Amino acid sequence: MQWVLAMTYLWLKAGHVIFVIFWMAGLFMLPRYFVYHQEAAEGSPENALWVERERRLLRIILWPSMAVSWILGLALALTIGAFSQPWFHVKLAFVLALSAYHVWLAGYHQALARGERRLSGKRLRLLNEVPGMAAAMIVIMVVLKPFA
Ligand code: HEM
């Protein structure tokens with residue numbers, strides 16, 4: 001019985017890491033799409049193509065992988081009682097920030113589809129550093145558990 005529980009936990013964790021990878025890949029890709037999108041002329045067929053590509057990336061990769069990462073991550077946290085551990089609070093803060101960034105990207109996509117181009121390509125490129133830094137902090141928290 002003990003063995004079955006341990007194996008289930010490891011499978012949950014493997015699933016969690018797999019979906020986190022998909023989620024992060026999408027978070028890196030979408031602002032890149034925005035940069036290329038904004039290089040296309042307003043109202044051009046290429047502009048419409050980028051709107052569709054972004055919509056599909058959000059619908060097929062980003063939203064589902066964020067949801068599954070959260071569900072499996074919370075299941076892991078409940079199993080090991082992580083809610084009372086300080087490393088988990090720090091991780092959670094970074095994951096919430098990443099989720100807020102995700103929602104903001106989805107909003108930027110909607111604005112682009114309406115023809116609003118709020119940020120320059122340079123700003124969008126800079127913004128792409130955000131998920132990388134957050135992911136590094138999250139992995140350090142979960143692997144080293146520095147405040148355990
Ligand atoms: C979406 C909300 C998330 C929750 C609730 C969550 C929660 C957890 C929990 C409780 C564990 C198990 C820790 C252990 O067994 O010691 C875990 C493992 C892990 N998480 Fe998350 N996580 C989330 C998102 C993320 C994100 C965004 C990343 C990376 C960018 C990430 C990377 C990892 C990694 C690499 C592991 C495996 C660590 C190991 O076994 O050493 N997680 N997560």
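Residue indices begin at 1 and follow the sequence shown. For ligands, and for the atoms within them, numbers begin at 1 and follow the listed sequence. This structure is a prediction, so every number in the text was calculated from the model and none was measured.
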- Could you grab the distance from atom OG1 of Thr8 to atom CH2 of Trp3, nearest 0.5 Å is fine? 9.0 Å

- For atom CZ of Arg117, is the number of surrounding heavy atoms from other residues, nucleotides or ligands below 6.0 Å larger than 12? yes

- Task: Would you mind running through ligand 1 and noting each atom that sits below 4.0 Å from a heavy atom of Leu74?
- Result: 5 (C)

- Message: Could you check whether any side-chain N or O of Arg53 sits under 3.5 Å from a backbone N or O of Tyr33, counting only pairs where one atom can act as donor and the other as acceptor?
- Response: no

- Nearest non-hydrogen protein atom, atom 41 (O) of ligand 1: Val143 CG2, 3.9 Å

- Message: Do Met137 and Met133 have side chains that approach each other closer than 4.5 Å (heavy atoms only, starting at C-beta)?
- Response: no

- Message: Just checking Arg55: does its CZ atom have more than 12 heavy atoms from other residues, nucleotides or ligands closer to it than 6.0 angstrom?
- Response: yes

- At a non-hydrogen distance cut-off of under 4.0 Å, which region of Met66 contacts ligand 1 (side chain, backbone, both, or neither)? neither

- Item | Donor-acceptor pair, side chain of Gln38 and main chain of Leu119, under 3.5 angstrom | yes

- Distance to 0.1 Å, residue and atom name: give those for the protein heavy atom nearest to atom 12 (C) of ligand 1. Tyr9 OH, 3.2 Å

- Message: So for ligand 1, is Lys13 a polar contact partner (N or O within less than 3.5 Å, distance only)?
- Response: yes

- Under 4.0 Å from a heavy atom of Trp70: give me the atoms of ligand 1 that qualify, with their elements. 1 (C), 2 (C)

- Query: Parallel under 30°, tilted from 30 to 60°, perpendicular over 60°: which one fits the rings of Trp23 and His102?
  - Reply: tilted

- Message: Short of 2.8 Å from atom 21 (Fe) of ligand 1, name each protein N/O/S atom, waters not counted.
- Response: His16 NE2, Lys91 NZ

- Task: Please identify which atoms of ligand 1 are closer than 4.0 Å to at least one heavy atom of Trp23.
- Result: 27 (C)

- Query: Quick one: ring pair (Phe, Tyr, Trp, His ring centres under 6.0 Å) pairs with a partner in residues 106-136, sequence neighbours left out?
  - Reply: Phe34-Tyr108, Trp104-Tyr108

- Item | For Ala77, atoms of ligand 1 separated by under 4.0 Å from a heavy atom | 10 (C)

- Query: Could an N or O of ligand 1 be found under 3.5 Å from any N or O of Lys145, whether backbone or side chain?
  - Reply: yes

- Looking at ligand 1, does Phe94 have a heavy atom less than 4.0 Å from it? no

- Nearest-0.5 Å distance, OH of residue Tyr101 to CG of residue Leu30: 8.0 Å

- Flag yes if Phe19 and Ile21 sit in one hydrophobic cluster, no otherwise; membership is Ile, Leu, Val, Met, Phe, Trp, Tyr, and two members link when side-chain heavy atoms are under 4.5 Å apart. no

- Taking side chain as C-beta onward, heavy atoms only, is Pro64 less than 4.5 Å from Ile60? no

- Task: Please identify which atoms of ligand 1 are closer than 4.0 Å to at least one heavy atom of Ala135.
- Result: 30 (C)

